[in-house]
Chemist: 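Just passing along the structure, written as structure tokens.
What you see is a predicted model; the values in this text were computed from it and never measured.
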Amino acid sequence: MSFIADRMSNIDASGIRKVFALAAKMTDPINLSIGQPDYDVDEAVKEVACREINAGFNTYTQTWGIPELREASSAYYERRFGVPLQNVMVTCGVSGGLLLSFMATINPGDEVLCADPYFVIYKHLINLLGGVCKPIDTYPDFKLKSSDIDAVVTEKTKLLIVNSPSNPTGVCLDEGELRAIADVARKHNLLVITDEIYEQLQYDSPPCTIVGMYDNVILLNGFSKMAGMPGWRVGFAAGPEEIIQQMNTLQQYTFVCAPSFAQKAAVKALETDITEKNGNYRVKRDIVYEGIKDHFNVVKPGGAFYVFPEAPGGDGDAFVEKAIANNVLIIPGSVFSDRKTHFRISFAAPDDTLRKGVEVLNRIAGEY
Ligand code: PMP
């Protein structure tokens, strides 16, 4: 008898494991695979964290999170988007919020819609819970369209995941597109989970949120990207009281609370001016996009720190193997998609690393 629970067979991590196995053989790669920012936590935010640790704020907090951070998160949405948040709870990153919100809402057999390409965690967590993940193909422009959602809804469809700016494509939805998605969700009485973790990293157009466009929306956001603190595990969730209450009950028996000092520091992080970081990342986006656009079929990403080009020859897995053989680490699109035609570049890296990577990728493309 195996000690491993049957449900674990619902998680297939073979794609990403294969990449890690290949990467392990590389020495000093040009690494364009990283899913976290290359900037550090701001000094002022670190100071708050250190001060709180030294002052003994090392205890549990309320399961909901410290009131200052719950209030500051709501005030931040009001300032940035003109919509305050309802029923905010603090989570252990957006990953924590995803697990809690999925566990609180997905019954076995429930269908969950998301854009394909998708952030990997969605599909695997949905499967783990016995839900049915139904990715909606968004190639070639990677925009999740209300008409495509409308076409695939069945009586079993319960949830719709929205992720703008997107991992792995960097594509952003504008206000009109989000409003159309909210309308179709309303028409079919779907619960929307919006993952807005890259909302501070948007380069060409003002950021927007689906919060406030429809009542049945659970917002997830966090500090891993905006404040460069992925290891501190803080995020927030907000939405209908009935659901957030259940998520809080689950948190009580699982994560218990987000790290105490990091919650205090996160309040400070919400006050931080992001103009400079945003400008630096726009430059990185331009280095990669402008650098490869004449050699690859590629959509210009408006946000996050990813570019998702089509592989020359149409086989992303094969192209990634070639790139790795040339010391450039990128991720095959098949990790994020039912298709394997593309690959993901992360531009969360120093500018000269990006330039070197662009040069190698263009040279490989020239071999096709
Ligand atoms: N959502 C998306 C789209 C992401 O890219 C990530 C991190 N790679 C997360 C959620 C999880 O972030 P965290 O748990 O660190 O907040």
Side-chain angles (χ1 to χ4, degrees), residues 15 19 22-23 26 28-35 37-38 115-119 137-145 163-174 177 198 201-205 277-368:
V19 182
L22 288 169
M26 301 171 82
D28 197 21
I30 299 171
N31 195 345
L32 307 183
S33 75
I34 308 278
D38 75 330
D116 176 346
Y118 42 77
F119 173 50
D137 189 308
T138 61
Y139 293 77
D141 65 1
F142 306 127
K143 292 263 190 184
L144 180 63
K145 294 177 193 70
N163 173 218
S164 171
S166 147
N167 178 3
T169 67
V171 164
C172 306
L173 300 172
D174 66 25
E177 289 161 340
Y198 293 103
L201 293 168
Q202 196 161 328
Y203 312 116
D204 301 323
S205 49
K277 275 182 200 151
N278 198 289
N280 291 343
Y281 268 64
R282 182 185 292 107
V283 169
K284 292 182 191 298
R285 187 277 309 267
D286 290 342
I287 292 172
V288 175
Y289 173 74
E290 298 298 333
I292 66 167
K293 74 177 190 335
D294 296 335
H295 302 261
F296 293 86
N297 196 1
V298 57
V299 176
K300 186 176 188 176
F305 37 68
Y306 307 108
V307 191
F308 202 67
E310 188 176 346
D315 184 341
D317 295 356
F319 186 81
V320 168
E321 279 192 32
K322 266 197 184 184
I324 289 176
N326 284 276
N327 209 34
V328 174
L329 186 55
I330 48 177
I331 310 277
S334 53
V335 167
F336 315 96
S337 177
D338 292 354
R339 294 206 203 185
K340 58 175 234 174
T341 46
H342 289 57
F343 64 96
R344 189 188 79 175
I345 302 172
S346 160
F347 55 80
D351 294 0
D352 56 333
T353 306
L354 297 176
R355 288 195 189 92
K356 280 187 210 148
V358 163
E359 197 187 306
V360 178
L361 294 174
N362 287 343
R363 181 156 41 76
I364 305 173
E367 293 168 11
Y368 282 82

Chemist: Might you point out which heavy atoms bring Asn278 and Leu201 nearest each other, and give the distance in Å?
Modeler: ND2-CA, 4.0 Å
Chemist: Any chance you could measure His295, atom NE2, to Ile364, atom CD1, to the nearest 0.5 Å?
Modeler: 12.5 Å
Chemist: If I compare all heavy atoms of Ile292 with all of Val307, which pair ends up nearest, and what's the gap?
Modeler: CD1-CG1, 4.3 Å
Chemist: Answer whether the closest heavy-atom distance between the side chains of Asp338 and Asp137 falls below 4.5 Å.
Modeler: no
Chemist: Return the minimal non-hydrogen interatomic distance between Gly303 and Cys172, and the atom names on each side.
Modeler: N-SG, 3.5 Å
Chemist: Of the non-hydrogen atoms in Phe142 and Pro117, which two are nearest, and what is the gap between them?
Modeler: CD2-CD, 3.6 Å
Chemist: I'd like to check Val360 versus Asn327 (side-chain heavy atoms, cut-off strictly below 4.5 Å). Are they in contact?
Modeler: no
Chemist: Using side-chain heavy atoms (C-beta onward) and a distance below 4.5 Å, is Phe296 in contact with Leu361?
Modeler: yes
Chemist: Write down the atom of Ser205, the atom of Gln202, and the distance for their closest heavy-atom approach.
Modeler: OG-NE2, 3.3 Å
Chemist: Pick one: which of Lys300, Arg282, Arg285 meets side-chain hydrogen bond (donor to acceptor under 3.5 Å, both in side chains) with Asp204?
Modeler: Arg285
Chemist: Looking at CZ of Arg355 and CD1 of Ile30, how far apart are the two atoms once the value is rounded to the nearest 0.5 Å?
Modeler: 13.5 Å
Chemist: Report the distance from atom CD1 of Ile345 to atom CD1 of Ile34, rounding to the nearest 0.5 Å.
Modeler: 14.0 Å
Chemist: Should Lys340 and Asp315 count as side-chain neighbours, where that means a heavy-atom distance under 4.5 Å?
Modeler: yes
Chemist: Do the numbers put Arg344 on top of the ring of Phe336, so that NZ or CZ is under 6.0 Å from the six-membered ring centre and no more than 45° off the axis?
Modeler: no
Chemist: Would you please classify the geometry between the Phe308 ring and the His342 ring as parallel, tilted or perpendicular, with 30° and 60° separating the classes?
Modeler: parallel
Chemist: Any heavy-atom pair between the side chains of Leu329 and Ile324 that's under 4.5 Å?
Modeler: yes
Chemist: For the residue pair Tyr198 and Tyr306, does the interplanar ring angle fall in the parallel (under 30°), tilted (30 to 60°) or perpendicular (over 60°) class?
Modeler: perpendicular
Chemist: For a 4.5 angstrom cut-off between non-hydrogen side-chain atoms, does Thr169 reach Val299?
Modeler: no
Chemist: To the nearest 0.5 Å, what is the distance between CG on Asn167 and CZ on Phe119?
Modeler: 6.0 Å
Chemist: Would you sort out whether Leu32 and Thr353 count as a side-chain contact (heavy atoms from CB on, under 4.5 Å), showing the intermediate values?
Modeler: CA-CA 8 Å; Leu32 307 183; Thr353 306; 4.2 Å; yes
Chemist: If you apply the rule side-chain hydrogen bond (donor to acceptor under 3.5 Å, both in side chains), what do you find for Tyr139 with Thr341, and how did you get there?
Modeler: CA-CA 10 Å; Tyr139 293 77; Thr341 46; 4.6 Å; no
Chemist: State, yes or no, whether a side-chain contact exists between Met26 and Asn31 at a heavy-atom distance under 4.5 Å.
Modeler: no
Chemist: Atom OG of Ser166 and atom NZ of Lys143: how far apart are they, to the nearest 0.5 Å?
Modeler: 11.0 Å
Chemist: Is the distance between the ring centroids of Tyr289 and Tyr203 under 6.0 Å?
Modeler: no
Chemist: I want to check a possible cation-pi pair here: Lys284 against Tyr281, using under 6.0 Å from ring centre and within 45° of the ring axis as the test.
Modeler: yes
Chemist: Quick check: closest heavy atoms across Asp38 and Ala349, and the distance to 0.1 Å?
Modeler: OD2-C, 3.4 Å
Chemist: Can a donor-acceptor pair be found, under 3.5 Å and without considering hydrogens, that links the side chain of Asn163 to the backbone of Pro165?
Modeler: yes
Chemist: Distance-only, no hydrogens or angles: does the Glu177 side chain make a donor-acceptor pair with backbone N or O of Asp174 under 3.5 Å?
Modeler: yes
Chemist: Got a second to check how far Lys145's NZ is from Leu173's CG, nearest 0.5 Å?
Modeler: 9.5 Å
Chemist: Counting heavy atoms not belonging to Glu359, are there more than 12 under 6.0 Å from its CD?
Modeler: no
Chemist: Just wondering, do Asp141 and Val171 contact through their side chains at under 4.5 Å, heavy atoms?
Modeler: no
